[in-house]
Amino acid sequence: MLTLQQANQIISAALAKSKESGYEPMGIAVLDASGNLKAFASEDGASMFRFEIARAKAWGAAGMGVASRTLAQRAKDNPNFFVSLSATSGGKFLPQPGAVVIKDAQGKVIGAVGASGGTGDEDEAICIAGVQAAGLVAG
């Protein structure tokens, strides 16, 4: 189970990585394995929609059990399915790079973290840094 302490640790480390890298202000959402919001942070100066985008990236990753980068690749091969999936989920599903699943030491998916504010690569990099800093595995 993903704890609130771990979720907050992921966010803190991800924001530290973002600041160290000189990225734009970020929004970061951590969800549990069921897609429920565990924690969220929005940096001062982050623009609107950061929460919605970060959560939607993470929600898709948690639901499908893979990083949102993988979902973006799959969406290119099957766009109708992914448009339908986004519509069916009420817009909570966004197959774009910037979220990773969170796994425990045994490889079980216990949640996902998504970021929004930079490029997909930047968002993904800070998510990975956050998960690793919490002693968990990013997938």
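Since the model is a prediction, treat every value here as computed from it, not as a measurement.
Atom CD of E43 has more than 12 neighbouring heavy atoms from other residues, nucleotides or ligands inside a 6.0 Å radius.
Members clustered with L15: L2, I10, I11, Y23, M26, I28, V30, V100, I102, I110, V113, I126, I128, V131, L136, by chain and number, using a 4.5 Å side-chain heavy-atom cutoff among hydrophobic residues. Residue V137 is found outside any hydrophobic cluster, as its side-chain heavy atoms come under 4.5 Å of no other Ile, Leu, Val, Met, Phe, Trp or Tyr.
Nearest heavy atoms, E24 versus S18: O-OG, 3.9 Å. Residues S116 and A54 share a closest heavy-atom pair of CB-N, 3.8 Å. When all heavy atoms of G114 and A58 are compared, the pair lying nearest together is N-CB, 3.5 Å. Considering all non-hydrogen atoms of both residues, A133 and A13 come closest at CB-CB, 3.3 Å. Closest of all the heavy-atom pairs between A99 and S68 is N-OG, 2.9 Å. Between A61 and A112, the shortest heavy-atom contact is CB-CB, 4.1 Å.
The hydrophobic cluster containing F93 also contains L37, counting ILVMFWY residues as joined when their side-chain heavy atoms lie under 4.5 angstrom apart, directly or transitively. Criterion: ILVMFWY side-chain heavy atoms under 4.5 Å apart, direct or through other members. Under it, V101 and L71 are not part of a common hydrophobic cluster. M1 and V109 fall into different hydrophobic clusters, where Ile, Leu, Val, Met, Phe, Trp and Tyr residues are linked whenever their side-chain heavy atoms come under 4.5 Å apart, directly or through other members. Both F81 and W59 are members of a single hydrophobic cluster when ILVMFWY side chains are connected at heavy-atom separations under 4.5 Å. Note: the hydrophobic cluster containing L94 does not contain F51 (ILVMFWY, side chain heavy atoms under 4.5 Å, direct or indirect links).
The main-chain N or O of P97 is found under 3.5 Å from a side-chain atom of K57 such that the two form a donor-acceptor pair. The closest donor-acceptor contact from the side chain of S12 to the backbone of Q9 lies at 3.5 Å or more, if one exists at all. For E124 (side chain) and D121 (main-chain N/O), no donor-acceptor pair under 3.5 Å exists by modelled atom type. Side chain of S84 to backbone of N80: a donor-acceptor contact under 3.5 angstrom is found. In this structure, the side chain of D32 does not engage the main chain of G111 through any donor-acceptor pair within 3.5 Å.
With 3.5 Å as the limit, one finds a donor-acceptor pair spanning the side chains of T3 and Q6.
Here the side chains of K103 and K108 are not in contact, with every heavy-atom distance at 4.5 Å or above. Taking 4.5 Å as the limit, every side-chain heavy atom of F40 sits out of range of all side-chain heavy atoms of R55.
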In sequence, state the C-alpha distance, the side-chain angles, and the governing distance for S42 and R50, and then conclude on side-chain hydrogen bond (donor to acceptor under 3.5 Å, both in side chains). CA-CA 7 Å; S42 179; R50 295 300 139 226; over 6 Å; no
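In this structure, CZ on R74 lies 11.5 Å from CG on L85, to the nearest 0.5 angstrom.
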